[in-house]
Structures are given as C-alpha cells and as structure tokens.
Amino acid sequence: MKNPTSIGPAQVSPIGTTLERHLLDRQRRMPEATGDFTGLFQQISLAAKIIGSRVSKAGLSGILGRTGTTNVQGEQVQKLDDFANSTIVSTVEAGGHVCVMGSEEVEEPIQIPSQYPQGKYVLQFDPLDGSGNIDINASIGTIFSIHRRLTPDGEPGTLKDLLQPGIDIVAAGYVVYGSSNMLVYSTGDQVDGFTYDPGVGEFFLSHPNIKVPQRGGIYSINEGNYHSWDKGIQSWVDWIKTPTQSKKAYRLRYIGAMVADLHRTLLRGGVFVYPPDDKNANGKLRLLYEASPMAFLVEAAGGVASDGKNRILTIQPKELHQRTPVFMGSPDDVADVLRFANA
Ligand code: P6P
C-alpha cells in the first residue's frame, strides 16, 4: 500500500478534484507551507459560495437594486455589492490569515479587528465586479489578489502592505457568476479553473492548466466610447473589424464585466481593451483589485497584460484606488493593438 501521505503528483480521485484537495496537494508539495495560504483560500472559497448563492436568487430576495449610496469610485452601490463586500470581510478577517484588506467598495484600508490574529497575508478584492449587470441577470464576478505582508508580523497591516506591484502577488483569482459559477486561480505557474456543483457545495477542477491561444478572433472593448478615444485606438478598431486578403474581421464580444470578458479571453483568446478616454485619462479599471490580479492570471496562462506602455504587473501602486489602462489577452492580438496605440 503506497504511503497515503506521499507527496506525489495530485492523484485524480474518483470523485474528481475539489478545490480543497487541489490546495492541499499544493501545500503538501511545499515543505515550508504552514497551511495559512490554504486556510485563507478556503475562506475565500466559502465567501464565493455564499455570494454565488445570493446572486443566483437575487431577484427573489429583495436584494436587487441600489442602496442609495455611492462608493469611493462615485458609483451607485448595489445591494449585492454591499453584501458581497461584507461577506468577504467577515469571512476572511476571522480566519487570522491576513493583516489588512483593500476593497473596491471601501475608501480606506480595512483593518483586522483586535480580537483576531494579524496574519501574514494581504487580501485585495473587487467584491462584485460588473455589478451594473446584476439587475439584468448578466454575468458578474469577484476578483481577488493575495500578497505577503511587508510590515512586521503581529502588527496591524498598513497601506504600505496594500501598495505592492503585481509581480509580487502570491496568488490571484476570480469567481465568475454565470451560467455556472467558476473559481479560477493561479499561484503564478499555471491557471486552473473549478466549476461549482451546488448539489454538492464544492468547486471541482474542470479546466486544468488554462492556456491563452497565441491569437484569437475576438476583440472586446466598449465601442460606445469610440469618439472619446485617441486616434490610435480608433484606427485599431477600424482595422480589426475590416476583413482583408490576409485577415478575417474579428468578432466583437463585450459583456461589461471585466471578469466575464477576460474569462472568455482566457479560454478563447483575443484581446480585452479598456483604454484612456475623455472621462478617464488613466482608463476606468482599477489597478490593485482588477487589472493587477487579472494581469497575473493572463500572464500565468501565457498571455500579455499591458497598460499600453509597460507590463501591468510592474506598475508600482501609489494610491489604493488608482486606475490604469488595460490591454490584455493573446500575445499576437495585444501586440497588434499596442502597435496602433503607440504609432
Ligand atoms: P463600461 C464594471 O463596472 C467595470 O468596472 C468592469 O468590470 C468592466 O469591464 C467595465 O467597468 C465596464 O465599463 O464603461 O464599458 O460600462
């Protein structure tokens, strides 16, 4: 009988590989692992299940619509935004694995109450990305990224722990609440996708080792902003949808939720672009809890993630809610749009 605790490659069990099993197999391959990361991830998974359950019946539980408040972004806060934010905060803070959190919905760093341990990790998240889609039952998502703390162990975390570049991310992932709910994550080496089985209450490995195609046939951008873009972006859009002898016209797909648009891009290839426009000189998307974690995943899947000039992962954050232009997806497609953008 083989030693049951042997640290061999993850065996695919007859019941399939749950997220928990995947995390434990990863932990067993790392002798120095303390279980903190696995514990944090299990809290994130629990929060995702709770949020997914509420999202799936939002229309029945009086939780659609707006709270009447606006968030730090100046956006109308949806009731589900608030619910998702408080679910993640309350689930994670009690676990004692993080020292500070950053959320799209909260202006300041979220401190860990003194009754809980100050952990060694830092969690940043967009609790419900694309929340404008909630009331029309279109896909939405949760985005998260995990760093190690920089400040001394045991003390409350600070803004310094949050303002870290994407190249130092320990793990990043997203949950897409769509026709099925999926959790996709990476610790940098590969990207694995897990589909939620509500009958069992577990995420099961369904998309191991996701790789972005070198080139796709889809472009994803809000063409409603066409007249507020630089000429370079306008020229790229005109080019990409014009068939030539050597190139078919690309298809336009735009869901309006970054998680859903990039989930499709990871699986099908192509390019997702949110460039600067008249309203947002630095683009609309936030660096720390949208662009950076998604760039980490896209690069881990073999794609490219640029702010138009540099890798998004190399940006040194200066503010918690700073924005960045986003050009992400298949290497050849990102190269094309950057050629026009920088012409
Ligand atoms: P627009 C959702 O509000 C979001 O932050 C991203 O998820 C999405 O990609 C983008 O904004 C959509 O913005 O201006 O096209 O509605």
Side-chain angles (χ1 to χ4, degrees), residues 51 55 58 64-67 69-82 84-85 88 102-107 124-145 172-178 182 184 218-230 233-234 237 252-266 268 270-298 303 305-308 312 320-329 334 337:
I51 295 166
V55 165
L64 289 177
R66 295 172 171 174
T67 59
T69 60
T70 54
N71 64 14
V72 62
Q73 324 295 341
E75 295 167 343
Q76 288 287 336
V77 177
Q78 305 281 356
K79 291 175 185 170
L80 259 180
D81 280 329
D82 249 3
N85 185 67
I88 295 171
S103 167
E104 189 218 20
E105 295 299 332
V106 182
E107 182 155 8
Q124 306 198 65
F125 55 92
D126 181 353
L128 214 55
D129 168 67
S131 50
N133 282 351
I134 293 171
D135 292 3
I136 57 162
N137 203 24
S139 293
I140 50 182
T142 297
I143 308 173
F144 61 90
S145 89
Y174 61 81
V175 184
V176 53
Y177 309 102
M182 277 190 70
V184 176
I218 295 171
Y219 73 108
S220 186
I221 189 170
N222 183 346
E223 284 217 26
N225 295 330
Y226 182 90
H227 294 292
S228 71
W229 295 329
D230 291 348
I233 302 295
Q234 292 175 337
V237 166
L252 172 63
R253 293 287 183 274
Y254 192 74
I255 300 167
M258 182 187 200
V259 170
D261 281 315
L262 276 168
H263 182 64
R264 182 204 54 249
T265 304
L266 278 175
R268 296 274 186 277
V271 62
F272 171 80
V273 177
Y274 207 108
D277 58 40
D278 288 353
K279 294 193 297 292
N280 295 295
N282 262 334
K284 173 184 180 184
L285 301 177
R286 275 72 61 165
L287 173 63
L288 281 170
Y289 39 77
E290 287 181 329
S292 213
M294 296 310 287
F296 183 83
L297 291 162
V298 166
S306 170
D307 66 358
I312 284 176
L320 194 53
H321 300 288
Q322 74 184 66
R323 301 172 190 263
T324 176
V326 168
F327 302 77
M328 287 189 198
V334 174
V337 59

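Whatever order the structure lists them in is the order used to number ligands and atoms, beginning at 1.
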> For atom 8 (C) of ligand 1, which candidate among Ala260, Ser131, Gly130, Gly256 holds the nearest heavy atom?
Replying inline: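 The option holding the nearest heavy atom is Gly256.
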> Between Glu104, Glu290, Lys279, which one has a non-hydrogen atom sitting closest to atom 5 (O) of ligand 1?
Replying inline: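 When every heavy atom of Glu104, Glu290, Lys279 is considered, Glu290 comes closest to atom 5 (O) of ligand 1.
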Minimal non-hydrogen separation, [X] against [Y], with atom names:
X: Leu287; Y: Pro293; result: O-CD, 3.9 Å
X: Gly329; Y: Val298; result: N-CG1, 4.0 Å
X: Lys284; Y: Arg323; result: O-NH1, 2.5 Å
X: Asp307; Y: Ile312; result: N-CG1, 3.6 Å

I need the nearest protein heavy-atom contact for [atom]: residue, atom name and distance, please.
atom: atom 9 (O) of ligand 1; result: Met258 N, 3.2 Å
atom: atom 15 (O) of ligand 1; result: Tyr254 OH, 2.5 Å
atom: atom 13 (O) of ligand 1; result: Lys284 NZ, 2.9 Å
atom: atom 14 (O) of ligand 1; result: Tyr274 OH, 2.7 Å
atom: atom 7 (O) of ligand 1; result: Asp129 OD1, 2.6 Å

>> Taking 4.0 angstrom as the limit and counting only heavy atoms of Asn222, give me the atoms of ligand 1 inside it, by number and element.
In response: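 Counting atoms of ligand 1 from 1, those under 4.0 Å from Asn222 are 1 (P), 14 (O), 15 (O).
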> By number and element, which atoms of ligand 1 are closer than 4.0 Å to a non-hydrogen atom of Ala257?
Replying inline: 7 (O), 9 (O)
> Do any nitrogen or oxygen atoms of Phe272 come within less than 3.5 Å of a nitrogen or oxygen of ligand 1?
Replying inline: no
> Looking only at distance, does Asn225 have an N or O less than 3.5 Å from an N or O of ligand 1?
Replying inline: no
> When you look for heavy atoms under 4.0 Å from ligand 1, do you find them on the side chain of Asp261, its backbone, both, or neither?
Replying inline: neither
> Where's the contact between Arg286 and ligand 1, heavy-atom distance under 4.0 Å: side chain, backbone, both or neither?
Replying inline: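 Side chain only.
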Rounded distance [0.5 Å steps], [atom1] in [X] versus [atom2] in [Y]:
X: Thr324; Y: Asn280; atom1: OG1; atom2: CG; result: 11.5 Å
X: Ile143; Y: Asp129; atom1: CD1; atom2: CG; result: 4.0 Å
X: Arg268; Y: Ser220; atom1: CZ; atom2: OG; result: 14.0 Å

> Counting only heavy atoms not in Asn282, do more than 12 sit closer than 6.0 Å to its CG atom?
Replying inline: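 Correct, the count exceeds 12.
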>> Please evaluate residues Phe272 and Leu285 with respect to the criterion side chain to side chain contact (heavy atoms under 4.5 Å, CB included), reporting the C-alpha separation (whole Å), side-chain torsions for both, the decisive distance (0.1 Å), and the verdict.
In response: CA-CA 12 Å; Phe272 171 80; Leu285 301 177; 3.7 Å; yes
